[in-house]
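Since the structure comes first, as C-alpha cells, the remarks are kept for the end.
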Amino acid sequence: MSREVEKEPLAQTTAIKICGLNTREHISHVNALPADYIGFVFAKSKRQVTAEQVADLTRDLPLTTKLVGVFVNEEPDEILRIAQVAGLDVLQLHGDETPATCRELRERSGLQVWKAWSVHQDERDARLTEYGEVVDAILLDNARGGTGQKFSWDAIPTLRDYIGDLPLFVAGGLDPVNVGDLLAAHRPFGVDVSSGVETEGAKDAAKITAFVQKVRASQ
C-alpha cells in the first residue's frame, strides 16, 4: 500500500513534519526544502482534505517526502481506504484509538502507525506504556491538534520514560522562534508544526522555510 520514496530521515538529524497542507504550491515547497514528512488532515478541521484531493495534489510531483495522514477516531476500514487512495506512508492517530486498534491498522496496512498523545501531566500519561509494542512513534501534543498551544516541555523526560525507545515527536505551539529552545533542551526524534507556520490561517512559505532552517541549524 505504501508509496516508494527516495529517502528516510537521517538518524543524526531531527525529523521535520509540516502538517495541514492543502495546496499543490505548499506541498511542492515543503518537498523541495526538504522536510521529512508532509501531513494531511482527514479529520474535521479547517485544514481537512479528502483522499482524492491528496491524490490529485501530489500527482506528478517527484515526492521525496513521506505522506502522513492524520485521523481522529475514524473507522479502521475507512482509514485503510484513505491510505490506499491518497498513497500514505504513515497513519497518525489523534483520537482515542486503543492499542488494539493501532496494532490492527499496522498489521493490515503495513504502514507506520504513530499515536498522538494529549499530555495531561498526571497519572493518565502512564497509559503511554500500553502503546510501546503496537506503534512506531509517539507524538506529544497539547490537545488533538491544531490548537497552536504548547504543553509544558518539563513533562518530556517523564513521558520518555513511559515510551522507552520509541521515536518521540513533539507538536503543539511550535514555531520558527521557539523550536530551537525545544531542541536544545530535549532533542526529540522529530518536530511537527502546523499553525506555527501560518499567517492569518493559511500556510506561509517563508515561515515554513524559516522553521526548517532553524531545525537544521540546531543539529
Side-chain angles (χ1 to χ4, degrees), residues 7-21 26 29-39 41 47 64-66 68 70 89-90 92-94 112 114-129 131-132 135-199 203-219:
K7 67 176 179 63
E8 294 279 354
L10 298 177
Q12 296 83 1
T13 63
T14 303
I16 300 172
K17 175 171 169 271
I18 310 296
C19 198
L21 299 186
H26 288 137
H29 180 72
V30 171
N31 185 59
L33 281 171
D36 300 291
Y37 300 96
I38 295 172
V41 179
R47 305 177 183 91
T64 59
T65 307
K66 289 192 173 185
V68 181
V70 178
D89 303 288
V90 180
Q92 180 177 315
L93 308 180
H94 242 283
Q112 285 196 18
W114 299 353
K115 182 69 182 81
W117 185 262
S118 299
V119 175
H120 303 289
Q121 288 191 265
D122 59 28
E123 66 280 357
R124 288 173 290 180
D125 289 331
R127 290 183 49 218
L128 276 169
T129 59
Y131 292 88
V135 300
D136 298 281
I138 294 292
L139 185 146
L140 302 178
D141 201 350
N142 181 61
R144 286 185 177 170
T147 66
Q149 301 296 316
K150 68 189 264 313
F151 62 91
S152 174
W153 295 339
D154 291 341
I156 291 176
T158 296
L159 297 166
R160 270 196 162 120
D161 288 341
Y162 292 140
I163 70 171
D165 295 331
L166 278 177
L168 175 68
F169 283 77
V170 173
L174 293 178
D175 58 39
V177 175
N178 66 17
V179 69
D181 295 334
L182 170 72
L183 297 176
H186 297 290
R187 308 302 304 180
F189 176 88
V191 290
D192 184 353
V193 65
S194 183
S195 60
V197 290
E198 292 180 349
T199 298
K203 288 294 183 290
D204 183 317
K207 288 183 178 179
I208 293 171
T209 299
F211 185 87
V212 173
Q213 288 177 341
K214 184 67 174 182
V215 174
R216 296 304 184 215
S218 300
Q219 304 305 308

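Count residues from 1 along the sequence. FYI, side chains are in, hydrogens and waters are out, and symmetry mates aren't considered; it's all heavy atoms of this structure.
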Inset, instruction - Give a yes or no on whether the ring-centroid distance for Tyr162 and Trp117 is below 6.0 angstrom. - result: no
Atom of [X], atom of [Y] and distance for their closest heavy-atom approach:
| X | Y | result |
| --- | --- | --- |
| Val70 | Cys19 | CG2-SG, 3.8 Å |
| Ala137 | Leu166 | N-CD2, 4.2 Å |
| Leu174 | Val193 | O-CG2, 3.3 Å |
| Asn142 | Lys150 | OD1-O, 3.9 Å |
| Leu21 | His26 | CD1-O, 4.0 Å |
| Ser194 | Lys203 | OG-NZ, 3.3 Å |

Is [X] reaching over with its side chain to a backbone N or O of [Y], donor-acceptor style, under 3.5 angstrom?
| X | Y | answer |
| --- | --- | --- |
| Asp36 | Ile16 | yes |
| Asn31 | Ile38 | no |
| Arg160 | His186 | yes |
| Asp125 | Gln121 | yes |

Are any non-hydrogen side-chain atoms of [X] and [Y] less than 4.5 angstrom apart?
| X | Y | value |
| --- | --- | --- |
| Pro188 | Leu182 | yes |
| His94 | Val41 | no |
| Asp192 | Val68 | no |
| Phe169 | Asp141 | no |
| Glu198 | Arg47 | yes |

Inset, instruction - Just jot down the side-chain hydrogen bond (donor to acceptor under 3.5 Å, both in side chains) partners of Asp161, sequence neighbours excluded, or say none. - result: none
Pairwise distance [atom1]([X]) to [atom2]([Y]) - rounded to 0.5 angstrom:
| X | Y | atom1 | atom2 | answer |
| --- | --- | --- | --- | --- |
| Thr209 | Phe211 | OG1 | CZ | 12.0 Å |
| Lys207 | Ile18 | NZ | CD1 | 13.0 Å |
| Leu93 | Tyr131 | CG | OH | 9.0 Å |
| Asp89 | Gln112 | CG | CD | 8.5 Å |
| Phe151 | Leu159 | CZ | CG | 6.5 Å |
| Leu140 | Ile156 | CG | CD1 | 6.5 Å |

Inset, instruction - Give a yes or no on this: more than 12 heavy atoms of other residues, nucleotides or ligands lie within 6.0 Å of atom CG of Asp122. - result: yes
Legend entry - No-hydrogen, no-angle side-chain donor-acceptor test under 3.5 Å, Lys17 and Gln92: yes
Inset, instruction - Kindly indicate, with the supporting measurements, whether the criterion side chain to side chain contact (heavy atoms under 4.5 Å, CB included) is fulfilled by Leu33 and Thr65. - result: CA-CA 10 Å; Leu33 281 171; Thr65 307; over 6 Å; no
Legend entry - CA sep, side-chain torsions, deciding dist, call: Thr14, Arg187, side chain to side chain contact (heavy atoms under 4.5 Å, CB included): CA-CA 8 Å; Thr14 303; Arg187 308 302 304 180; 4.1 Å; yes
